[in-house]
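Notes follow once the structure below has been shown.
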Amino acid sequence: MKKSSLLLILLLLFATSALVPARAQSPMPVEKLAMLAALDFLELADQAEFSRCWESSSQLFREKIDKETWLQEVGHMRRQYGENRSRTLQFVKPLDPSTDSGDQPALFLIFRASFAEKTVAEMVTLSKESDQQWRVAGYSIQ
């Protein structure tokens, strides 16, 4: 699978990404737990713990992309950027559970991440699963 195919799969999880305004919104208290889950996931990715990223992700994420594809494609993509130097939350948007996330609460986050080789936007979609834990349901870099 090509890098572009992986991005397409991951971007499908971000149906609302076109709604990104120029300004960031402040997270609400309910979003803090989700943001911590996103940061945990991103820290694992920063440490090249791609297997643990996949294992910690939501059921939806694991159904959309198999582990081997994730390891190959995202691992390769992330290694190209080098070491993460900083990450700043730029945008938070709650997603409508009835239309965007299979009746579960969900959030769409955008981080601005500076890597050794490039500064990018990291888009993370999180869903609150039936066990009430927030997990990453989508991840993409642009």
Side-chain angles (χ1 to χ4, degrees), residues 1-21 23-116 118-142:
M1 180 181 285
K2 293 183 178 179
K3 179 179 170 182
S4 60
S5 298
L6 174 63
L7 288 175
L8 179 59
I9 291 169
L10 294 176
L11 288 174
L12 289 175
L13 296 173
F14 300 123
T16 61
S17 65
L19 303 175
V20 177
R23 281 178 147 189
Q25 298 176 356
S26 298
M28 298 180 307
V30 71
E31 296 167 346
K32 287 184 181 180
L33 290 175
M35 196 165 18
L36 290 174
L39 291 171
D40 287 346
F41 180 94
L42 294 170
E43 184 176 326
L44 288 172
D46 290 343
Q47 297 169 3
E49 294 282 346
F50 306 118
S51 182
R52 289 180 58 201
C53 287
W54 187 87
E55 291 163 1
S56 71
S57 66
S58 72
Q59 180 179 347
L60 174 65
F61 185 98
R62 294 187 312 270
E63 288 172 359
K64 295 289 182 189
I65 185 166
D66 66 84
K67 188 175 185 178
E68 290 307 312
T69 302
W70 169 257
L71 293 174
Q72 291 171 5
E73 300 295 329
V74 174
H76 174 73
M77 184 174 28
R78 283 292 302 257
R79 285 185 200 98
Q80 292 179 26
Y81 298 133
E83 179 182 344
N84 178 269
R85 302 225 168 125
S86 67
R87 180 175 285 116
T88 305
L89 181 65
Q90 298 290 303
F91 176 77
V92 177
K93 180 185 185 325
L95 301 177
D96 182 357
S98 64
T99 59
D100 295 321
S101 61
D103 294 328
Q104 295 295 329
L107 290 174
F108 178 72
L109 309 174
I110 298 177
F111 294 90
R112 182 166 185 81
S114 293
F115 291 90
K118 190 173 186 177
T119 298
V120 299
E122 290 181 297
M123 294 169 284
V124 181
T125 302
L126 296 117
S127 63
K128 191 171 188 180
E129 296 197 302
S130 59
D131 66 357
Q132 302 306 301
Q133 296 296 311
W134 286 96
R135 291 191 177 83
V136 171
Y139 173 71
S140 181
I141 298 176
Q142 290 186 348

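Position 1 is the first residue of the sequence, and the numbers go up from there. Given the structure is predicted, the values throughout are model-derived calculations rather than measurements.
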Checking side-chain polar atoms at under 3.5 Å, does His76 have a donor or acceptor matched by the opposite partner on Gln80? yes
With rounding to the nearest 0.5 Å, note down the distance linking [atom1] in [X] to [atom2] in [Y].
{"X": "Gln90", "Y": "Leu109", "atom1": "CD", "atom2": "CG", "answer": "11.5 Å"}
{"X": "Arg135", "Y": "Leu60", "atom1": "CZ", "atom2": "CG", "answer": "12.5 Å"}
{"X": "Ser140", "Y": "Met77", "atom1": "OG", "atom2": "CE", "answer": "6.5 Å"}
{"X": "Leu107", "Y": "Leu95", "atom1": "CG", "atom2": "CG", "answer": "6.5 Å"}
{"X": "Glu43", "Y": "Leu36", "atom1": "CD", "atom2": "CG", "answer": "11.0 Å"}

May I ask you to test the [X]-[Y] pair for a side-chain heavy-atom distance under 4.5 Å?
{"X": "Leu39", "Y": "Arg87", "answer": "yes"}
{"X": "Lys67", "Y": "Glu55", "answer": "yes"}
{"X": "Gln133", "Y": "Leu33", "answer": "no"}
{"X": "Glu122", "Y": "Arg78", "answer": "yes"}
{"X": "Val74", "Y": "Trp54", "answer": "no"}

Only counting residues at least two apart or in another chain, list the ones meeting side chain to side chain contact (heavy atoms under 4.5 Å, CB included) with Asp66. Glu68, Thr69
Only counting residues at least two apart or in another chain, list the ones meeting side chain to side chain contact (heavy atoms under 4.5 Å, CB included) with Glu63.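 Partners of Glu63 by the side chain to side chain contact (heavy atoms under 4.5 Å, CB included) criterion, ordered by chain and then number, come out as Gln59.
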Minimum heavy-atom distance [X]-[Y], with the two atoms named:
{"X": "Tyr139", "Y": "Leu42", "answer": "CE1-CD2, 3.4 Å"}
{"X": "Val120", "Y": "Phe115", "answer": "CG2-CE1, 3.5 Å"}
{"X": "Ala34", "Y": "Leu126", "answer": "O-CD2, 3.3 Å"}
{"X": "Ser56", "Y": "Leu44", "answer": "OG-CD1, 4.2 Å"}
{"X": "Leu89", "Y": "Phe91", "answer": "CD1-O, 3.6 Å"}
{"X": "Phe41", "Y": "Ser57", "answer": "CE1-CB, 4.5 Å"}

CZ of Arg112: more than 12 outside heavy atoms within 6.0 angstrom?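 No, not enclosed.
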Under 3.5 Å: donor-acceptor pair, side chain of Trp70, backbone of Phe50: yes
Residues forming a ring-ring contact (aromatic ring centres under 6.0 Å, His included) with Phe111, sequence neighbours excluded: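 Applying ring-ring contact (aromatic ring centres under 6.0 Å, His included) to Phe111 gives none.
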